[in-house]
Amino acid sequence: MNSIEFTKIIGVLLTVALVVSLSNVIANEIFPKRRDEVRATMEAATEAEPQEAPGAVEAVNTEPAQAPMGVAALLAAADPAAGAKAVRRCTGCHTLDKGGKHRLGPNLWDLVGRPVASAEGYGYSAALKDKSGETWTYENLDAFLTRPKGWAPGTKMLFAGIRKPGQRADLIAHLRGLSDNPAALPE
């Protein structure tokens, strides 16, 4: 191989590296919000709870996970202000304001008491569409937030869940307040 061929090969490799690098920079400029949302969601999920190993096989429990004292008692003791802090981990994928747009997940305004998979204009996974006959009751929210993939196997939601019943109750209490007419608390 002579020096001219070697120089051409090095030139092609450097050109390819430059094109790939510039493509990455341009893509990050065009789509920065989605990248940041996905990163924030993944960071929140990994900070909140350990992730399952990819491809792990396990039994699926679709029964609502409740503390021994029940959802009603947990909600009676819940702190919506603490739930307002906890809901921050949701805002990477969801909006919370009335009439808010959908992101990676649907808008959560007026969620409590709403039929499952009913936010107009959002493309739900088949797992949640299968639950469309159900309503976001306090019990269903508690079960879903405990482990989304357990309550709706096959859901697209990346969030691992919240294991502590008190934290779930705080979050549900805050979500209840995101409404013009909040649903009555269970007795």
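Bear in mind the structure is a predicted one, so any value in this text is a computation, not a measurement. Residue numbers count from 1 along this sequence.
When side chains are defined from C-beta on, Asp180 counts as touching Lys98, because their heavy atoms get closer than 4.5 Å. In this structure, the side chains of Leu171 and Leu145 come closer than 4.5 Å at one or more pairs of heavy atoms. Using a 4.5 Å heavy-atom cutoff, the side chains of Thr155 and Tyr124 are not in contact. In this structure the side chain of Leu13 never reaches within 4.5 angstrom of the side chain of Val16, judged on heavy atoms. Considering only heavy atoms from C-beta on, His94 comes within 4.5 Å of Pro106 through its side chain. Inter-residue side-chain proximity for Asn181 and Asp110 is flagged as unmet; no heavy-atom pair is nearer than 4.5 Å.
Side-chain atoms of Arg103 come within 3.5 Å of backbone atoms of Thr91 as a donor-acceptor pair (strictly under, hydrogens ignored). Between the side chain of Arg176 and the backbone N or O of Ala183 there is at least one donor-acceptor pair closer than 3.5 Å. Of the possible polar contacts, none joining the Asn107 side chain to the Gly99 backbone as a donor-acceptor pair under 3.5 Å is found. With Thr15 contributing its side chain and Gly11 its backbone, the two residues share a donor-acceptor pair below 3.5 Å. For Ser132 (side chain) and Lys129 (main-chain N/O), a donor-acceptor pair under 3.5 Å exists by modelled atom type. The main-chain N or O of Lys101 is never found under 3.5 Å from a side-chain atom of Tyr122 such that the two would form a donor-acceptor pair.
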Under 3.5 Å, sequence neighbours excluded: what are the donor-acceptor pairs made by side chains of residues 76-88?
{"unit_1": "Asp79", "atom_1": "OD1", "unit_2": "Ala81", "atom_2": "N", "d": "3.1"}

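Closest heavy-atom contact between Thr135 and Val116: C-CG2, 3.9 Å. Considering every non-hydrogen atom in both Gly150 and Pro153, the closest pair reads O-CD, 3.8 Å. Residue Thr95 comes nearest to Gly100 through the heavy atom pair OG1-C, 3.7 Å, listed as atom of the first residue, atom of the second, then distance. Residues Lys131 and Ala152 share a closest heavy-atom pair of CE-CA, 4.3 Å. Glu120 and His102 get closest at one heavy-atom pair: O-NE2, 2.9 Å.
Taking CG of Leu158 as the start and SG of Cys93 as the end, the distance is 6.5 Å to the nearest 0.5 Å. Separation of atoms CD (Glu139) and CG (Leu75) is listed at 8.5 Å; rounding is to 0.5 Å. Note that CG of Leu104 is 11.0 Å distant from CE of Met157, once rounded to the nearest 0.5 Å. Note that OG of Ser179 is 12.5 Å distant from CG of Leu108, once rounded to the nearest 0.5 Å. Rounding to the nearest 0.5 Å places NE2 of His174 at 6.0 Å from CG of Leu96. Considering CD1 of Ile172 and CG of Leu185, their distance stands at 11.0 Å, rounded to 0.5 Å.
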Set out, in order, the CA-CA distance, both residues' side-chain angles and the distance that settles side chain to side chain contact (heavy atoms under 4.5 Å, CB included) for Ile162 and Arg89, then state yes or no. CA-CA 11 Å; Ile162 303 170; Arg89 67 174 78 167; 3.5 Å; yes
Pair Leu175, Leu178 - check side chain to side chain contact (heavy atoms under 4.5 Å, CB included), show working. CA-CA 5 Å; Leu175 290 172; Leu178 298 177; 3.9 Å; yes
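Trp109 pairs by the ring-ring contact (aromatic ring centres under 6.0 Å, His included) definition with nothing, not counting sequence neighbours. In this structure Phe144 satisfies the ring-ring contact (aromatic ring centres under 6.0 Å, His included) test together with Trp136, Trp151, sequence neighbours excluded.
Under a hydrophobic clustering in which Ile, Leu, Val, Met, Phe, Trp and Tyr are joined whenever their side-chain heavy atoms come within less than 4.5 Å, directly or via other members, Ile26 and Leu18 fall into different clusters.
Remark: the Arg168 side chain and the Thr146 side chain contain an N/O donor-acceptor pair separated by less than 3.5 Å.
Remark: Ile4 CD1 is loosely packed, at most 12 non-hydrogen atoms of other residues, nucleotides or ligands lying under 6.0 Å away.
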